[in-house]
Amino acid sequence: MAKIQTPRPVRGTQDMLGGTPDNMADRFSHVVSTFDRVRKLYGFRRAEVPVFEATAVFARSLGESTDVVSKEMYSFEDRGGDSLTLRPEFTAGLARAYITEGWQQYAPVRLATHGPLFRYERPQKGRYRQFHQIDAEIIGAAEPLADVELLCFADHLLRELGVNEGVTLTLNTLGDAQSRDAWRDALVAHFEGHRDQLSEDSLDRLGRNPLRILDSKDAGDQAVVANAPGIDAYLSDEAAAFFEKVTDGLKAAGVAWQRNDRLVRGLDYYRHTAFEFITDRLGAQGTVLGGGRYDGLIENMGGLATPAVGWAAGIERLAMLLDETGVQPIDVVIALEDDALLSTALSGLRALREQGLSAELVASGSPRKRYDKAAKIPAGALVSLSVRDGAPHLGVRGEGVIPAQAESVLKPLL
RNA sequence: GCGAUCGUAGCUCAGUUGGUUAGAGCGCUGGUUUGUGGUACCAGAGGUCGGGGGUUCGAACCCCCUCGAUCGCCCCA
């Protein structure tokens, strides 16, 4: 008989299991539950949007020239011939829902969501084809206070997760449309003047997305970038005033940040505030949380002109930064050393669990080895059930209060 | 799409300048202690050495191709 070939997992997908040394599944869930707790403190309501959308939702909003659209989308035709795409980010879908589901009536609305996203990329550290983000948006708020609130939320979340050490908020403004365009023109002029010093990649970017040259990792590019004009000289008075209100708000709220006047964001729709929380602990993937203001997006998608600001953070990246692996020991482990007491053990499990004590049973393999096997499971109390001199016998070991609790629950069952 | 590194047991890894029947620890299964016991001892199962081709008397080891993983470039959370 031919050996059956087990299908391999798809490249860039992951399987996670709790209770393992790296304990990714539990770390992952800790990030999500912390996010859900903190978002309530800021009045963000839960939103759910589909995992796939009409391709146009992403193609139109992200910008046709971005790599995400041109080569990273998981797009397919459904049976009706419609082009659909697995979402590569949250913002576009939320913006679509805001328009099509009448969420405008709640404006300004604070939204929080999380779930899987998909991009066709080469996987590497902290980067996957199916990855997961938590996401927060404020739609319908033009004032800088919204940016401040959103950044406070992000900062608070990172502190709650205990990953704020070694993660810094870098902040920039891209200005309003006029400021951004003027700066962009100045940058193009600057880079055109140094064409001969630019890498091949950057020459390509020059035509496609010149702002991206600013964070090129190429050494030659960086020399040119160092002399490139910053945004500040091109900011309109209004844009400068907006940015000042954001930074004043952060100061008042006690959120630390660093200016990076070279910081740009990859997607076309950003205006004004742009920010990234970065770390050097994740290899080449330094950004752990990123976002900004995208005032033009909703109008771009056919809605009314609607200001909005938001951020997203990679759950895997946050999970990798967590110090504690958070393996939760179980309260009680029962070693069943004589199968005659199986029914006692089962009713004991039920009684323990109804008292709110987590419990598990070791009842397989050689009865003589079950005690040793149970002893290897981290637990608050180790209970043995055996028959001695023809009578059921209960043995309880462990530190703290759990052994006594377990004994008082189990003793009456013998 | 490009580059570098790496693929040996379920897991973590040894394996000498190419040389008999490829090893260890953990895990798993069974046994030993007639015991109030977490750590011991014995045994067993488990391997197409990622796959294919080549060089050689002989390949886990050298060469080529291929698949996969990791990390990096691009891009991005």
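Naming convention: chains lettered A, B, ... in sequence-line order (proteins, then strands); numbering from 1 in each chain.
- The side-chain heavy atoms of A/S202 and A/R212, taken from C-beta on, include no pair separated by under 4.5 Å.
- Between A/D218 and A/Y270, the one whose closest nucleotide on RNA chain B sits nearer the 5' end is A/D218.
- No N or O donor and acceptor, one from the side chain of A/Q285 and one from the base of B/G72, sit under 3.5 Å apart.
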Test A/D338 against A/L385 for side-chain contact (heavy atoms from CB on, under 4.5 Å), laying out the working first. CA-CA 7 Å; A/D338 191 317; A/L385 275 178; over 6 Å; no
Between the protein and nucleotides 50-52 of chain B, which nitrogen or oxygen pairs are less than 3.5 angstrom apart?
none

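- Applying the ring-ring contact (aromatic ring centres under 6.0 Å, His included) rule to A/F191 yields no partners; only residues at least two apart in sequence or on another chain are considered.
- Listed by chain and residue number, A/E137 satisfy the side-chain hydrogen bond (donor to acceptor under 3.5 Å, both in side chains) test with A/Y294 (two or more places apart in sequence, or in another chain).
- Atom-to-atom, CD of A/E72 to P of B/G1 comes out at 13 Å; the value is rounded to the nearest Å.
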Could you walk me through whether A/R317 and A/Q285 pass side-chain contact (heavy atoms from CB on, under 4.5 Å), step by step? CA-CA 9 Å; A/R317 292 186 184 178; A/Q285 272 60 249; 2.8 Å; yes
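- For A/Q124 and B/U70, the shortest distance from a side-chain N or O to OP1 or OP2 is not below 4.0 Å.
- Residue pairs meeting the salt bridge (charged side-chain N to carboxylate O under 4.0 Å, His left out) criterion with at least one partner in residues 361-374 of chain A, sequence neighbours excluded, are A/D339-A/R370.
- At least one side-chain heavy atom of A/F275 sits under 4.5 Å from a side-chain heavy atom of A/L289.
- By the 4.5 Å heavy-atom criterion applied to side chains, A/L94 and A/D135 are counted as neighbours.
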Nucleotides 65-69 of chain B: which of its N/O atoms have a protein N/O under 3.5 Å away?
{"from": "B/A69", "atom 1": "OP2", "to": "A/R11", "atom 2": "NH1", "distance (Å)": "2.6"}

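- In terms of the side-chain hydrogen bond (donor to acceptor under 3.5 Å, both in side chains) criterion, residue partners of A/T287 (sequence neighbours excluded) are, by chain and number, A/E276.
- Side-chain N/O atoms of A/R212 include none lying less than 4.0 angstrom from OP1 or OP2 on B/C75.
- Rounded to whole Å, atom P of B/C75 lies 12 Å from atom CG of A/L211.
- Contact annotation: A/K217 side-chain N/O to B/C76 OP1/OP2 distance is not under 4.0 Å.
- Between A/L174 and A/I231 the shortest side-chain heavy-atom distance does not fall below 4.5 Å.
- Taking A/D155 as the reference, A/R159 meet the side-chain hydrogen bond (donor to acceptor under 3.5 Å, both in side chains) condition, with sequence neighbours excluded.
- When side chains are defined from C-beta on, A/T85 does not count as touching A/F118, because their heavy atoms never get closer than 4.5 Å.
- Between the side-chain ring of A/Y371 and the base of B/G37, a stacking contact exists by the 5.5 Å and 30° definition.
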Show me the protein contacts with nucleotides 41-46 of chain B, counting only N or O atoms at under 3.5 Å.
none

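- An OP1 or OP2 oxygen of B/G38 is reached within less than 4.0 angstrom by no side-chain nitrogen or oxygen of A/K376.
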For nucleotides 5-13 of chain B, give me one character per nucleotide, 5' to 3': B if any protein heavy atom sits under 4.0 Å from the base, S if the only such contacts are to the sugar-phosphate, - if neither. ---------
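- In secondary-structure terms, RNA chain B builds stems of at least 3 consecutive Watson-Crick or G-U pairs, each pair having both distances under 3.5 Å, at B:1-7 with B:67-73, B:10-13 with B:23-26, B:28-32 with B:40-44, B:50-54 with B:62-66.
- Counting heavy atoms from C-beta outward, A/V246 and A/W257 have side chains that stay 4.5 Å or more apart.
- Pairs passing the salt bridge (charged side-chain N to carboxylate O under 4.0 Å, His left out) check and including a residue from residues 173-192 of chain A, sequence neighbours excluded, read A/E192-A/R195.
- Side-chain N/O atoms of A/R368 include none lying less than 4.0 angstrom from OP1 or OP2 on B/U34.
- Contacts of A/E165 classified as side-chain hydrogen bond (donor to acceptor under 3.5 Å, both in side chains), with partners at least two apart in sequence or in another chain: none.
- Contact of the A/L263 side chain with the A/L171 side chain is not registered, since no non-hydrogen atoms from C-beta on lie closer than 4.5 Å.
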